[in-house]
**Student:** 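Can you read through this structure? Questions will come right after.
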Amino acid sequence: MVFFCTHPYLPTPTFVPKPHNLHLRSLFCLQSPIEPSSSSPSPTHSITTNNYNHLIQSLCSQGNLTQAFKLLPREASPTQRTFESLILACTRHNATSYAPAIDRRLSAADGLHHDPFLSTKLIEMYSHFSALDDARNVFDRTPQKTIFVWNALLKAIVVVSNDGEEALSLFTDMGGKGVHFDSFSYSYVLKACLASSLHVSVVLRRVRQIHGHVLRVGFDSRVHAATTLVDSYAKIGRVACARRVFDKMPHRNVVSWSAMIACYAKNGRHLDALAIFRDMMRDSETAPNSVTMVSVLQACAGLSALSQGKLMHGYVLRRGFYATVSVVNALIAMYIKCGSLDAGRRVFATMIVPRNVVSWNSLISGYGVHGFGKEAIQVFEEMISVGISPSPVTFVSILGACSHGGLVEEGRRLFDSMLKEHNLIPQSEQYASLVDLLGRAGQLDEATKVIEGMNIEPGPTVWGSLLGACRIHGNIELAERACSHLFELEPWNAGNYILLADIYAAAKLWEEVSRVKKLLEARGLQKLVGCSWIEVKKNLYSFASVDELNPQIEQVHALLTELVKEVREMGYVPNTKVVLYDLEQKEKEKIVLGHSEKLALAFGIISSQKGEVIRITKNLRLCEDCHSLTKFISKYTKREILVRDVNRFHHFRDGMCSCMEYW
DNA sequence: GTAGGGTTAG
């Protein structure tokens with residue numbers, strides 16, 4: 001037994017049991033008997049050598065690194081296979097402490113010291129340990145740098161340091177030294193381009209350059225390289241470029257189709273995502289898998305296309321994807337975003353796979369956006385009680401739920417628990433949620449104090465929350481302060497200019513309104529056009545604020561005029577403060593009456609049966625006038641109306657809204 | 001011997 005307690009680098013003990021000894025074999029718990037290799041030239045030598053090599057390899061595969069490393073000094077000629085086993089076992093078990101032992105033994109090993117195969121494995125191991133310097137050391141001392149060695153370092157730089165610059169500089173170096181890139185090199189370098197925190201235009205330029213390389217060597221026809229290109233363009237929002245690459249691919253597999261669908265879904269092109277999914281279904285060679293379905297469900301959720309979502313749910317069941325947690329999570333989110341909190345809850349309740357934090361977050365956020373703050377907190381507590389640790393996203397969701405429910409104290413308590421009970425350091429996103437919570441509730445001073453007390457630089461989301469609160473409570477001075485930061489941090493975000501102009505307009509400061517509008521124009525920005533849509537008999541109908549193309553538009557306008565006339569008698573007064581023009585009241589009323597949500601609502605009333613819930617989705621926040629008129633219309637028509645705006649759901653029933661004016 | 005697509009929030 002002394003043998004097993006010996007340090008690997010101590011002198012060899014005098015007694016060494018024969019490796020093929022049964023006693024030794026049983027101690028090592030080997031599953032198969034070890035026989036000396038019959039092909040070895042010298043029987044005496046080969047028994048020792050091969051058996052130690054085999055033993056070490058077996059121990060590695062069993063994860064018994066301690067014993068494997070104790071045996072290593074006894075092996076006179078460790079083979080490439082033995083070193084590979086040791087390296088892989090260290091990587092698998094995060095055994096960083098054994099890495100120097102491998103390095104030392106390898107430098108003494110004849111013929112293997114500079115072996116490019118083992119260098120590649122070592123670079124991969126060090127990359128796994130995030131030890132980039134060690135990886136580079138191995139790279140530097142390897143004279144015969146095969147493409148595997150280069151690629152391993154390239155990947156290590158991208159994965160470990162996330163440093164696009166350094167990876168690109170290595171890529172350039174490779175080119176300069178005449179290395180022939182393979183399609184792996186292009187995959188890694190494209191990842192490197194995206195990894196940098198540079199401006200999107202710089203990233204685009206680089207992706208285009210790499211695209212040029214790929215085209216010159218003809219790798220655009222290779223499925224992996226082309227798919228990475230599709231994904232790279234997708235991630236920087238260049239949907240058309242992604243599509244061009246996709247269309248030119250001679251062969252597509254499930255990953256390329258999924259990448260293209262995800263590209264559309266992630267960039268808000270939900271209809272296109274569903275359209276290309278249909279094309280994929282027509283392509284008999286490729287069947288969607290669970291990853292495809294996640295993006296497809298996202299697209300249904302983005303559109304609030306409940307009927308389509310239900311069809312996809314059926315498909316998920318038929319294909320057995322119900323056992324994949326990400327698909328089920330996407331299903332929960334889809335139902336919740338399509339306005340059916342109940343269906344989302346049912347999917348959550350009947351999951352056959354273990355729920356992860358994302359499943360819980362989806363449900364918490366669902367309760368939040370539907371205005372059930374207290375229930376969201378209950379779900380949060382249940383999640384903790386079943387042993388799931390909350391993530392940063394959990395806090396964004398739960399604080400959002402508190403904000404929509406006006407639960408200020410509970411929200412503050414939960415924010416404090418983040419660090420104290422869950423060991424999570426609040427970041428800008430969580431601070432933004434807290435500022436939103438306090439700000440909406442009118443505690444603007446408190447919200448400001450929170451920002452001033454932050455120990456990290458407040459990001460645009462934080463100032464954006466404050467600006468939103470200023471709009472609700474009409475605080476011009478604070479709004480200007482928030483904008484001074486926002487115009488610097490995200491000068492391209494038209495929404496901030498519009499919010500400030502809204503605040504000025506509400507205070508009738510028309511000169512200021514026009515100043516902000518000029519600033520917006522000078523920066524070449526445009527207000528996002530309001531758009532609402534509605535699903536009627538499994539079809540989606542969309543309406544823009546200025547919409548004369550809809551065949552039923554005259555009927556819609558006529559109904560709206562009639563409804564307004566009726567509800568005025570019930571107390572409805574048009575609220576025109578959202579109109580950013582200094583016009584006559586009548587003109588302003590005409591403008592707000594043309595808002596897309598109202599058009600979709602009137603269309604919904606015309607095209608649906610009494611008793612049916614009218615479900616509308618809007619791409620912007622619901623304006624005060626639409627909110628007020630919808631309340632009146634729900635009472636007058638005795639209809640239940642569900643509106644999803646960019647922030648949350650509004651359940652209108654009998655003249656009331658579930659949001660209780662928090663939106 | 002290495003590689004490409006996905007879930008929650010904002």
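Atom set for the values below is all heavy atoms of this structure, side chains included, hydrogens, waters and symmetry mates excluded. Chain letters run A, B, ... following the sequence lines, proteins first, then strands; residues in each count from 1.
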**Student:** Could you tell me whether A:S428 contacts a base, only the sugar-phosphate backbone, or nothing, with contacts defined as non-hydrogen atoms closer than 4.0 Å?
**Tutor:**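 No contact at all - A:S428 keeps every heavy atom at 4.0 Å or more from the nucleic acid.
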**Student:** Spell out yes or no: do the side chain of A:T227 and the base of B:dG4 have one donor N/O and one acceptor N/O closer than 3.5 Å?
**Tutor:**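 Under the 3.5 Å cut-off, the side chain and the base do form a donor-acceptor pair.
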**Student:** For a quick check of understanding: with a heavy-atom distance under 4.0 Å over all strands, which category does A:A262 fall into, base, sugar-phosphate or nothing?
**Tutor:**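 The answer is sugar-phosphate, as A:A262 gets under 4.0 Å only of primed atoms, P, OP1 or OP2.
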**Student:** Looking only at the side chain of A:S187 (C-beta and beyond, no hydrogens), which of the listed nucleotides B:dG5, B:dG1, B:dA3 gets closest?
**Tutor:**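 My answer, after comparing the listed nucleotides, is B:dA3.
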**Student:** Hey, can you tell me if A:F487 and A:Y497 have their rings parallel, tilted or perpendicular (30° and 60° cut-offs)?
**Tutor:**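 Rings of A:F487 and A:Y497: parallel, under 30°.
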**Student:** Picking from B:dT7, B:dG5, B:dT2, which would you name as closest to the side chain of A:E124?
**Tutor:**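 Ranking B:dT7, B:dG5, B:dT2 by closest atom to the A:E124 side chain puts B:dT2 first.
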**Student:** Give A:V327 one of three labels, base, sugar-phosphate or nothing, depending on what nucleic acid heavy atoms sit under 4.0 Å from its own.
**Tutor:**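 The answer is nothing, as A:V327 stays clear of every strand by at least 4.0 Å.
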**Student:** Between A:Q298 and B:dG6, is there a contact of a side-chain N or O with OP1 or OP2 at under 4.0 Å?
**Tutor:**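 No.
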**Student:** Any base atoms under 4.0 Å from A:E84, or only sugar-phosphate, or nothing? Heavy atoms, all strands.
**Tutor:**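 A:E84: no heavy atom of the nucleic acid under 4.0 Å.
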**Student:** Give a yes or no on whether a salt bridge exists between A:R243 and A:D247, defined as a side-chain N under 4.0 angstrom from a carboxylate O.
**Tutor:**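 Salt bridge: yes.
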**Student:** Base, sugar-phosphate, or nothing: which does A:S295 touch, judged by heavy atoms less than 4.0 Å apart?
**Tutor:**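 The answer is sugar-phosphate, as A:S295 gets under 4.0 Å only of primed atoms, P, OP1 or OP2.
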**Student:** A:T292 near the nucleic acid: base, sugar-phosphate alone, or nothing, with a heavy-atom cut-off under 4.0 Å?
**Tutor:**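 Since a base atom lies under 4.0 Å of A:T292, the category is base.
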**Student:** Do A:D231 and A:T228 have side-chain N/O donor and acceptor atoms under 3.5 Å apart?
**Tutor:**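 Absent: no donor and acceptor within the cut-off.
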**Student:** Under 4.0 Å between a side-chain N/O of A:K155 and OP1 or OP2 of B:dG4, yes or no?
**Tutor:**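 Checking B:dG4 against A:K155, no side-chain N or O comes under 4.0 Å of OP1 or OP2.
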**Student:** Select base, sugar-phosphate, or nothing to describe what A:V254 touches, counting heavy atoms under 4.0 Å on all strands.
**Tutor:**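 Base contact.
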**Student:** Please answer whether B:dA3 and A:H224 are stacked, defined here as ring centres separated by less than 5.5 Å and planes angled under 30°.
**Tutor:**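 Here the ring of A:H224 and the base of B:dA3 are stacked, with centres under 5.5 Å and planes under 30°.
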**Student:** NA contact type, A:D231, heavy-atom cut-off 4.0 Å: base, sugar-phosphate, or nothing?
**Tutor:**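 Counting heavy atoms under 4.0 Å across all strands, the contact made by A:D231 is with sugar-phosphate only.
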**Student:** Ignoring hydrogens and angles, tell me if any N or O in the side chain of A:H128 forms a donor-acceptor pair with the backbone of A:C90 under 3.5 Å.
**Tutor:**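 Not a single qualifying donor-acceptor pair exists.
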**Student:** Would you tell me if any nitrogen or oxygen in the side chain of A:K337 comes within less than 4.0 Å of OP1 or OP2 on B:dT7?
**Tutor:**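 For B:dT7, neither OP1 nor OP2 has a side-chain N or O of A:K337 closer than 4.0 Å.
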**Student:** Go through the N and O atoms of the side chain of A:T461 and the base of B:dG10, and report whether any donor-acceptor pair is under 3.5 Å.
**Tutor:**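 No, no donor-acceptor pair under 3.5 Å.
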**Student:** Picking from B:dT7, B:dG4, B:dT2, which would you name as closest to the side chain of A:V255?
**Tutor:**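 Nearest listed nucleotide: B:dG4.
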**Student:** Taking only N and O in the side chain of A:S365, is any of them less than 4.0 Å away from OP1 or OP2 of B:dA9?
**Tutor:**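 The answer is yes; a side-chain N or O of A:S365 sits under 4.0 Å from OP1 or OP2.
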**Student:** side-chain contact (heavy atoms from CB on, under 4.5 Å) for A:Q144 and A:V149? Distances and angles first, verdict last.
**Tutor:** CA-CA 9 Å; A:Q144 194 199 337; A:V149 177; over 6 Å; no
**Student:** Check this for me: does any side-chain nitrogen of one of A:D140 and A:R136 sit under 4.0 Å from a carboxylate oxygen of the other?
**Tutor:**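 So A:D140 does not pair with A:R136 through a salt bridge.
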**Student:** Please classify the nucleic acid contact of A:Y188 as base, sugar-phosphate, or nothing, using heavy-atom distances under 4.0 Å.
**Tutor:**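 Base, at least one base heavy atom under 4.0 Å.
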**Student:** On the side chain of A:N289, is there an atom forming a donor-acceptor pair with the base of B:dG5 - under 3.5 Å, no angle test?
**Tutor:**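 Looking at the base of B:dG5, it does pair with a donor or acceptor on the side chain of A:N289 (distance under 3.5 Å).
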**Student:** Scan A:T324 against the nucleic acid and name what it touches under 4.0 Å (heavy atoms): base, sugar-phosphate only, or nothing.
**Tutor:**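 If one applies the 4.0 Å heavy-atom cut-off, A:T324 turns out to touch a base.
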**Student:** Give the nucleotide from the list B:dA3, B:dT2, B:dA9 with an atom nearest to the side chain of A:V396.
**Tutor:**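 Of the options given, the side chain of A:V396 lies nearest B:dA9.
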**Student:** With a 3.5 Å cut-off and just heavy-atom distances, do the side chain of A:S397 and the base of B:dA9 make a donor-acceptor pair?
**Tutor:**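 A donor-acceptor contact between them is absent.
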